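As structure tokens, the structure follows; a few thoughts come after it.
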Amino acid sequence: CYSYHCIFVQSIGYATLAKLDPQYGLYTSVVPPLIYTLMGTSREIAIGPVAVISLLLSSMVQKLEDPMANPIAYHKLVLTVTFFAGTFQAAFGLFRSGFLIDFLSHAAIVGFMAGAAIVIGLQQLKGLLGITHFTNKTDVVSVLKVVWSSFQHPWNPYNFLLGCSFLIFILITRLLGRKNKKLFWLPAIAPLVSVVLATLIVFLTKADKHGVDIVKHIKGGLNPSSVDQLQFNGPHVGELAKIGLIVAIIALTEAIAVGRSFAAIKGYHLDGNKEMVAMGFMNIIGSFTSCYVATGSFSRTAVNFSAGCETAMSNIVMAVTVFISLELLTKLLYYTPVAILASIILSALPGLIDVNEACNIWKVDKLDFLACIGAFLGVLFATVEIGLLVAVTISFAKIIVVSIRPGTETLGKLPETDAFGDVNQYPMAVKTPGVLIMRLKSALLCFANANFVRERIMKWVIEEEKDSKLRNAEKTIQIVILDISNLMDIDTSGIASLEELHKNFDSNGMKLAIANPRWQVIHKLKLANFVPKIGGRVFLSIGEAMAYFSI
């Protein structure tokens, strides 16, 4: 239970990050976990508020309503966003549209999380330094300007000393927990110990009288109904729906990634569509019970896993523990310093920055790294939405580039086998004189890439012809066999490009043959009357084509 009391403290911190009153973080740790337990399929995942979603909400919703000037209206908008997010999530699951979350590539998520972690950390400087007037912007330049200007005026160092002291304490316990697996409970209990000690220090020394900012009153009791607070007729409904869609996708991406990671460790399958439905309904019901968007938390799930939780009942235990805390402990947190909540959030951020994974992405795929760094810089120097937009744009651009510029490879026969392989990959592969065998490395031959493929093949043929003349070969290219085993579909533009190839080859005394076609492709080629045009030279394999030409 000590880990769940730490979650109680963490929930308060995330609520302040979302610019809501502390109790809303606690409400979000009560109802959504109960609903997920009934509908979800993961045994380990822990449900509740998380840092990235809290940041998303505060950064986007505050553009519609100032949380400082009108906190009640701001809270209503957050509840409405939660309802929309839940509706989108449930719809994704019911209509089996989970592929939509895949538009955020792994590389984009790595960059986004790292950027968000730094932005969240910068936001905590308000509590850590006791800054009264803080910017509503999230970009690093605006935040640092406010922090720098705050140093030009008299400021109280007690908030900073208190927050940094316990931040160091939490980080040290985390380091000890990593070095000694038997001490896994130490980093889990550190936030709770920090809050208790910091609260006692402030209470006994009357530090709040000397400039230390404290939480003050936290409303206790069971989640109140918020059905009447949802705003469906206001001027911002369209914007709220858009924010809900963005938050829904990010929340699902994080939750399913966490769930699948731990399901793989335990060796069972996680149903993605059921997860989406569960997440959706828990957020819809959450919006009716004063909760904001909840999702699966990696840090909480890791605590569950380390503690040996085997079923989703852990969410019920957590919800009951937080509820009891709501009933009994909220009054005891009156003197809790805001700086300690900032330090708890800061201590959780290093886990969001995966430098090693970013380096691996750079090594494996430079375009993926571009999406990663685009998301990172976009979040850091612009806004969260721009960071996501940059990442998605780069990911789409990569798909388009790969689609319109598919590769081709020249094949040769592998010695002592009937198999044919890429001559660049298998240097021992033997080319047959007078025959050029090419494989198209694309699943689609369409209007977007048909001309490129045709020109690429013609270029290969011309180069092979030149090589043959330089080598004084007896035979120049007489037969071109096109292996289309990778091709899943073809449109009229693709067929037209094949017809042009056939005409060019025929006018130069060469014959075109097709090998390994899929049934969808051959069906369209027959309908387009292409097969008779090339003399019916369509074969099940390259070997069959070679045998036909008596090679």
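For clarity, every value in this text was computed on a predicted model and none was experimentally measured.
A donor-acceptor contact shorter than 3.5 Å is absent between the side chain of N283 and the backbone of A85. A donor-acceptor contact shorter than 3.5 Å is absent between the side chain of K466 and the backbone of I462. Without hydrogens or angle criteria, Y36 side chain to A46 main chain gives no donor-acceptor distance under 3.5 Å. Between the S497 side chain and the N451 main chain, no donor and acceptor come within less than 3.5 Å of each other. In this structure, E385 contributes its side chain and M60 its backbone to no donor-acceptor pair below 3.5 Å. In this structure a side-chain-to-backbone donor-acceptor pair under 3.5 Å is present from T80 to Q231. A donor-acceptor pair under 3.5 Å is absent between the side-chain atoms of D418 and the main chain of G543, judged by distance alone. A distance-only check finds a donor-acceptor pair linking the side chain of S54 to the backbone of Y14 [under 3.5 Å]. Between the side chain of T253 and the backbone N or O of A251 there is no donor-acceptor pair closer than 3.5 Å. Of the possible polar contacts, one joining the T383 side chain to the I386 backbone as a donor-acceptor pair under 3.5 Å is found.
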* To do: Would you please test F232 and F83 for ring pair (Phe, Tyr, Trp, His ring centres under 6.0 Å) and show each step?
  => CA-CA 10 Å; F232 296 122; F83 176 84; 5.2 Å; yes

* Run the numbers on E65 and H236 for side-chain hydrogen bond (donor to acceptor under 3.5 Å, both in side chains), then give the verdict. => CA-CA 10 Å; E65 193 69 62; H236 304 304; 5.1 Å; no

* Asked: How far apart are the C-alpha atoms of E275 and T41, what are their side-chain angles, what is the distance that settles it, and do they pass the side-chain hydrogen bond (donor to acceptor under 3.5 Å, both in side chains) test?
  -> CA-CA 6 Å; E275 285 295 290; T41 59; 2.7 Å; yes

* Could you go step by step and tell me if T408 and W460 meet the side-chain hydrogen bond (donor to acceptor under 3.5 Å, both in side chains) rule? -> CA-CA 9 Å; T408 54; W460 272 103; 3.1 Å; yes

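Remark: D506 does not engage K511 in a salt bridge, criterion side-chain N to carboxylate O under 4.0 Å. Salt bridge absent: R439 and D422 never bring a charged side-chain N and a carboxylate O closer than 4.0 Å. A salt bridge between K242 and E239 is present, with a side-chain N of the basic residue lying under 4.0 Å from a carboxylate O of the acidic one. Between K524 and D491 there is no salt bridge, since no side-chain nitrogen of the basic residue lies less than 4.0 Å from a carboxylate oxygen of the acidic one.
For residues 528-542, every residue pair satisfying the side chain to side chain donor-acceptor pair (under 3.5 Å) rule, not counting sequence neighbours, is listed here: E499-K533.
More than 12 heavy atoms of other residues, nucleotides or ligands shown are found within 6.0 angstrom of CZ on F452. Enclosure of atom NZ in K137 is not indicated, since only 12 or fewer non-hydrogen atoms of other residues, nucleotides or ligands lie within 6.0 angstrom. Within a 6.0 Å sphere centred on OH of Y268, other residues, nucleotides and ligands contribute more than 12 heavy atoms.
Minimum heavy-atom separation, A375 to A108: CB-O, 3.6 Å. Residues S442 and N449 share a closest heavy-atom pair of OG-ND2, 3.7 Å.
Aromatic rings of Y548 and F539 (six-membered ring for Trp) have centroids within the 6.0 Å cut-off, being under it.
Here the side chains of L144 and V140 are in contact, with some heavy-atom distance below 4.5 Å. The closest side-chain heavy-atom distance from L411 to V423 is not below 4.5 Å. A heavy-atom distance below 4.5 Å is not found between the side chains of L252 and T295. Annotation: side chain of I437 is in contact with side chain of F420 (closest heavy-atom distance under 4.5 Å). By the 4.5 Å heavy-atom criterion applied to side chains, L77 and L240 are counted as neighbours.
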